[in-house]
Amino acid sequence: HGPRWFGWLAVAMYCLHQSEEHAYDVRGWRYAFVPAMNQGFGSTLFGAACNGGDVNCPLDPKLTLWVNTVAIWGGFGGCMIAATIDADRFLFASTLNWGTAVVNGF
């Protein structure tokens, strides 16, 4: 396999991960990420902005879809398209994709 193969693998794996996280997870729950984020880490960060404990504050499924589609599918895929077109200039594109995925896992 060429060096860009691992970068395209990161695109495919992250899209699979997002489908599991934002569509139906392994337990069969739909959009399980949004309420988990809003009741956990999101409420700590944005508690003052969310009055009354709204289940869709700060994230809702529509916002989450747009952030993930643009940032991850567009960003990861864009990095790899750029690396395919100009491999010398975008040498670390696949490393960036995997690094982002690993940091997101924390």
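Note that the structure is predicted; figures quoted are calculated from it, not measured.
Residues satisfying the side chain to side chain contact (heavy atoms under 4.5 Å, CB included) test with Leu63, not counting sequence neighbours, are Leu59, Asp60, Val67. Checked against side chain to side chain contact (heavy atoms under 4.5 Å, CB included), Thr84 has the following partners two or more places apart in sequence or in another chain: Arg4, Trp8. Shown here are the ring-ring contact (aromatic ring centres under 6.0 Å, His included) partners of Phe90, two or more places apart in sequence or in another chain: there are none. Take Trp98 and apply the side-chain hydrogen bond (donor to acceptor under 3.5 Å, both in side chains) test, not counting sequence neighbours, and it matches no residue.
Cluster membership for Trp73 and Leu65, using ILVMFWY side-chain heavy atoms within less than 4.5 angstrom, is not shared. Note on Phe76: it clusters hydrophobically with Ile85, by side-chain heavy-atom contacts below 4.5 Å among ILVMFWY residues. If you chain together hydrophobic residues whose side chains sit under 4.5 Å apart, Met37 and Val34 fall into the same group.
Of all heavy-atom pairs between Ala93 and Cys79, the closest is CB-O, 3.5 Å. Residue Asn97 comes nearest to Gly7 through the heavy atom pair ND2-O, 3.8 Å, listed as atom of the first residue, atom of the second, then distance.
Using a 4.5 Å cut-off between side-chain heavy atoms of Ile, Leu, Val, Met, Phe, Trp and Tyr, Trp66 falls into a hydrophobic cluster with Val70.
Here the CG atom belonging to Asn38 is positioned 8.5 Å from the CZ atom belonging to Phe33, to the nearest 0.5 angstrom.
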